[in-house]
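Written below as structure tokens is the structure these notes are about.
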Amino acid sequence: MIRDRVDFHFDPMCPFAYEASVWIRNVRDETGLEVSWRFFSLEEANRADGKKHPWERDWSYGWSLMRIGAALRRRDMALLDEWYAVTGRLLHRDGGKPHDPDVARRLLAGMGVGADVLDEAIGDPSTHEDVRADHQRVLDAEGFGVPTLCFPDGEWLFGPVLIDAPAGEKALALWNVVTGMADLPDVYELQRPKSAAHQERILRHLQPYLRGRDWVSIDRGQVIELDGSLS
């Protein structure tokens with residue numbers, strides 16, 4: 001089956017989703033793939049009992065960045081594409097803090113859309129609904145994390161989980177693996193065991209993210225997820 005469109009659900013705080021987003025952009029550059037960016041909140045998915053939902057807070061790191069992204073997406077999907085690229089690069093490659101409101105304002109100004117977009121997005125309760133609708137869409141498909149891919153024929157896949165996004169022919173090779181799995185609905189899981197050397201490599205790659213984050217992460221099955229209070 002020819003797959004020339006995909007919905008890519010992400011949380012901007014997730015380092016693995018970010019690497020997958022770099023990869024999917026590389027695939028887009030090679031093939032003309034149409035990528036629609038959608039949201040999913042690890043903060044909400046991993047929220048501990050008794051803690052506030054992200055939409056109950058004045059500022060909520062990943063959720064608030066997605067609310068800004070929702071406001072930008074209403075104008076143009078390309079603006080959300082750029083917003084995710086600049087925030088992701090700052091956190092996951094440079095160890096910066098795009099989740100700081102002052103930093104987020106500077107990034108918006110650098111995009112040329114104006115720092116006041118932040119206040120507009122946070123002041124508009126309907127941006128909560130945009131993020132929540134995307135999040136619920138994944139839950140309704142029995143999804144649980146990011147990156148999650150949805151194809152027009154209704155096939156859903158979690159992953160790929162990457163630490164170093166491939167480009168060029170390697171990006172296309174991975175795309176063929178992913179779409180090949182989508183074409184085989186009886187295949188449910190394919191996973192690489194993680195040796196001590198693998199874990200060390202993953203940890204080295206995550207150093208910028210670990211410097212930039214202002215939250216505690218959870219180690220679940222050797223995959224870091226954001227905790228319920230700060231994502």
Side-chain angles (χ1 to χ4, degrees), residues 1-25 27-28 31 33-49 51 53-56 60-74 77 80-81 83-84 88 126-162 165 174-192 217-218 220-228 231:
M1 176 181 295
I2 296 175
R3 298 186 182 274
D4 55 4
R5 291 183 291 147
V6 66
D7 291 348
F8 186 110
H9 286 261
F10 70 93
D11 183 311
M13 300 291 95
C14 179
F16 305 109
Y18 173 69
E19 289 298 331
S21 75
V22 175
W23 160 72
I24 205 73
R25 288 187 179 98
V27 174
R28 182 177 64 187
T31 67
L33 175 71
E34 180 182 336
V35 180
S36 294
W37 302 102
R38 300 275 194 141
F39 308 115
F40 183 82
S41 174
L42 292 176
E43 177 179 10
E44 174 62 15
N46 296 317
R47 183 181 61 89
D49 290 342
K51 290 193 174 183
H53 294 281
W55 55 84
E56 295 175 325
S60 195
Y61 291 172
W63 186 273
S64 293
L65 292 183
M66 288 188 283
R67 291 181 68 194
I68 296 167
L72 293 171
R73 185 173 65 184
R74 292 176 183 179
M77 182 66 76
L80 173 54
D81 183 24
W83 176 241
Y84 184 24
S126 70
T127 59
H128 281 304
E129 300 310 315
D130 285 8
V131 178
R132 189 152 43 188
D134 279 4
H135 180 86
Q136 188 62 45
R137 182 174 183 246
V138 176
L139 296 182
D140 289 346
E142 305 299 331
F144 54 86
V146 290
T148 291
L149 308 180
C150 177
F151 296 96
D153 63 348
E155 287 295 324
W156 291 78
L157 293 175
F158 169 72
V161 177
L162 303 172
L174 179 56
W175 178 244
N176 289 335
V177 170
V178 170
T179 56
M181 185 168 177
D183 289 338
L184 296 169
D186 291 332
V187 179
Y188 288 94
E189 188 169 332
L190 177 68
Q191 190 174 73
R192 185 191 307 275
S217 295
I218 304 168
R220 293 181 177 172
Q222 303 176 350
V223 174
I224 294 177
E225 298 184 22
L226 307 180
D227 84 347
S231 69

Verify side chain to side chain contact (heavy atoms under 4.5 Å, CB included) between Leu174 and Leu162, making sure each step is shown before the conclusion.
CA-CA 11 Å; Leu174 179 56; Leu162 303 172; 3.8 Å; yes
With side chain to side chain contact (heavy atoms under 4.5 Å, CB included) as the criterion, how do Met66 and His135 come out once you've worked through the C-alpha distance, each side chain's angles and the decisive distance to 0.1 Å?
CA-CA 11 Å; Met66 288 188 283; His135 180 86; over 6 Å; no
Test Met77 against Ser36 for side chain to side chain contact (heavy atoms under 4.5 Å, CB included), laying out the working first.
CA-CA 7 Å; Met77 182 66 76; Ser36 294; 3.9 Å; yes
Any chance you could lay out the side chain to side chain contact (heavy atoms under 4.5 Å, CB included) test for Arg73 and Arg38, step after step, and finish with the verdict?
CA-CA 10 Å; Arg73 185 173 65 184; Arg38 300 275 194 141; 3.8 Å; yes
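Of the inter-residue distances, the one linking Glu19 atom CD with Cys14 atom SG reads 10.0 Å to the nearest 0.5 angstrom. Of the inter-residue distances, the one linking Arg137 atom CZ with Thr148 atom OG1 reads 10.5 Å to the nearest 0.5 angstrom. In this structure, Phe10 CZ and Asp134 CG are separated by 9.0 Å, a value rounded to the nearest 0.5 Å. To the nearest 0.5 angstrom, His128 atom NE2 is 9.5 Å from Glu56 atom CD. Here the straight-line distance linking atom CE of Met181 with atom OG1 of Thr179 works out to 11.5 Å at 0.5 Å rounding. The NE2 atom of His53 sits 3.5 Å away from atom CZ of Arg47, with the distance rounded to the nearest 0.5 Å.
Pro12 approaches Gly62 most closely through the heavy-atom pair CG-O, 3.8 Å. Taking all atoms of both residues into account, the shortest heavy-atom contact from Pro160 to Pro147 is O-CG, 3.4 Å. Here the shortest heavy-atom pairing between Pro185 and Glu155 reads CB-OE2, 4.2 Å. Minimum interatomic distance between Leu33 and Arg28 (heavy atoms only, all atoms of both residues): O-CG, 3.0 Å. Residue Val35 comes nearest to Ile24 through the heavy atom pair CG2-CG1, 4.1 Å, listed as atom of the first residue, atom of the second, then distance. In plain terms, the two heavy atoms of Arg67 and Val131 that are nearest each other are N-CG2, 3.8 Å.
Between the side chain of Trp83 and the backbone N or O of Leu65 there is at least one donor-acceptor pair closer than 3.5 Å. Counting only distance, with no hydrogens or angles, the side chain of Arg25 and the backbone of Asp81 share a donor-acceptor pair below 3.5 Å.
Applying side chain to side chain contact (heavy atoms under 4.5 Å, CB included) to Phe151 and the options Asp183, Leu157, Asp4 leaves one that passes, Leu157. Each of Tyr84, Trp156, Phe158, Phe40 was compared with His9 under the ring-ring contact (aromatic ring centres under 6.0 Å, His included) criterion, and only Trp156 meets it.
You'll find the side chain of Trp63 stays beyond 4.5 Å of the side chain of Asp11, heavy atoms only. Between Trp23 and Val178 the shortest side-chain heavy-atom distance falls below 4.5 Å. A heavy-atom distance below 4.5 Å is found between the side chains of Phe8 and Leu149. Between Leu42 and Met13 the shortest side-chain heavy-atom distance does not fall below 4.5 Å.
Atom CG of Leu184 is surrounded by more than 12 heavy atoms from other residues, nucleotides or ligands within 6.0 Å.
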